[in-house]
Student: 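The structure under discussion is supplied below as structure tokens; questions concerning it will follow.
Note that these values count all heavy atoms, side chains included, but never hydrogens, waters or copies made by symmetry. Atoms within each ligand, like the ligands themselves, are counted from 1 in listed order. We number each residue from 1, following the sequence as shown.
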Amino acid sequence: MIQWHMQTLLTDSGVTYPLQVAEVIEGDSLLASSLWVNVALAGVAALLFAYMGQSVHGERSRMIWVVALFIPLVSISSYLGLLSGLTIGTLQMPAGHPLDEVVSQWGRYLTWAFSTPLILAALGWLARVDKADMLAVIGADIGMCLTGLAAAQTTASIELRWAFYAVSCAFFAVVLYALLVTWPQKAKAAGTDDIFGTLRLLTVVLWLGYPIVWAIGVEGLALIESVGTTSWLYSGLDVLAKYVFAFLLLRWVANNESIVESGGSAAPADD
Ligand code: RET
């Protein structure tokens, strides 16, 4: 297996070229498999979700179904971006970083800004949260992804990398607070607290894995020095946080459409 951090891909002008990077991905079977497995699983998930959606008719249920279907579609685009070398590149690390040169899969952070709002929108609609709540949480979530992207791409100093990481964590805290404290109450009123509880647990536990992987992987402390292993950890989390999550959600919505549409025993939702 090719050790990325030992192989300089940077040109004199500090640029890496997609074709060059794509060739190296192909030569690193651990890294390549971490990406191809997700393309394949996302394809299967998209077909399955499209099929499952045929039995869903109510408006709120169909909204949840549409966002669930977009989750694997965004994923396929994201992983093809990485595989083609378009959204992956090498960066010269500032002093204090354990590695001289690091492979940044920056396309991951960018596409999370599209996929994670879909997950939160599905959870929010399920719990019947109001629009202001949804806006605040999705706004914080996009902030988390984009400052995570900044943390990965900053080369000015090691302190600034971790400063962006800390800001991203602050945004993440807003999302966690909603998922753990405010949204469960709304889900209870909407009569969806059973499935909301399951999906919330899955989401909170898995999402906590991402900043941990960042911190111990090649971009952070580099306790894991292999880009293939770091990539597999993200890919494994993605499989569970996206396809398994969306499958459980859609299966429940298809079987409990009347609850989703009626809003449980609570007064009619205000959105
Ligand atoms: C980063 C690094 C900076 C600190 C934090 C992070 C959190 C990332 C999360 C990502 C979730 C991604 C999902 C993708 C599905 O497509 C950006 C790793 C807090 C929580 C669920």
Student: Given side chains that start at C-beta, do those of Ser115 and Trp112 come closer than 4.5 Å, heavy atoms only?
Tutor: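 Yes; the side chains approach each other to less than 4.5 Å.
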Student: Within a 6.0 Å radius of atom CG on Asp194, are there more than 12 heavy atoms belonging to other residues, nucleotides or ligands?
Tutor: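 Check fails, neighbour count at 12 or below.
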Student: Does any donor atom in the side chain of Ser75 or Tyr243 lie under 3.5 Å from an acceptor atom in the other side chain?
Tutor: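 Side chains of Ser75 and Tyr243: pair found under 3.5 Å.
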Student: Below 4.0 angstrom from a heavy atom of Ser115, which ligand 1 atoms are there? Numbered from 1 as shown, please.
Tutor: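 Those of ligand 1 that fall under 4.0 Å from Ser115 are 15 (C), 16 (O).
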Student: To the nearest 0.1 Å, how far is atom 13 (C) of ligand 1 from its closest protein heavy atom, and which atom is that?
Tutor: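 The closest heavy atom on the protein side is Thr116 CG2, 3.4 Å.
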Student: Going by the order shown, which atoms of ligand 1 are within less than 4.0 Å of some heavy atom of Gly148?
Tutor: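 Under 4.0 Å from Gly148, ligand 1 has these atoms: 17 (C).
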Student: Starting from atom 5 (C) of ligand 1, which protein heavy atom do you reach first, and at what distance in Å?
Tutor: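 Going by distance alone, atom 5 (C) of ligand 1 is nearest to Ser168 OG, 3.3 Å.
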Student: Looking only at protein heavy atoms, which one is nearest to atom 14 (C) of ligand 1, and how far off is it?
Tutor: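 Checked against all protein heavy atoms, atom 14 (C) of ligand 1 sits closest to Trp112 CD1, 3.4 Å.
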Student: Looking at side-chain heavy atoms only, is the closest gap between Thr87 and Gln105 below 4.5 Å?
Tutor: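 Sidechains of Gln105 and Thr87: no contact.
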Student: Starting at OG1 of Thr203, measure out to NZ of Lys242 and round the result to the nearest 0.5 Å.
Tutor: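 Spacing of OG1 (Thr203) from NZ (Lys242) equals 13.0 Å.
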Student: Mind checking the CD1-OG spacing from Ile25 to Ser33? Nearest 0.5 Å is all I need.
Tutor: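 Those atoms lie 12.0 Å apart.
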Student: Name the closest protein heavy atom to atom 21 (C) of ligand 1, giving the residue it belongs to and the distance to 0.1 Å.
Tutor: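 The closest one turns out to be Trp207 NE1, 3.2 Å.
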Student: Counting only heavy atoms, tell me which of Gly220, Ala150, Ala215, Pro211 gets closest to atom 7 (C) of ligand 1.
Tutor: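 Ranked by closest heavy atom to atom 7 (C) of ligand 1, first place is Pro211.
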Student: More than 12 foreign heavy atoms under 6.0 Å from CZ of Phe172: is that the case here?
Tutor: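 Yes - once you tally the heavy atoms of other residues, nucleotides and ligands closer than 6.0 Å, there are more than 12.
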Student: Looking only at distances, please establish whether an N/O atom of ligand 1 is found under 3.5 Å from an N/O atom of Lys242.
Tutor: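 By distance alone, the answer is yes.
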Student: Below 4.0 Å, non-hydrogen atoms only: which portion of Tyr210 touches ligand 1? Side chain, backbone, both or neither.
Tutor: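 Both parts.
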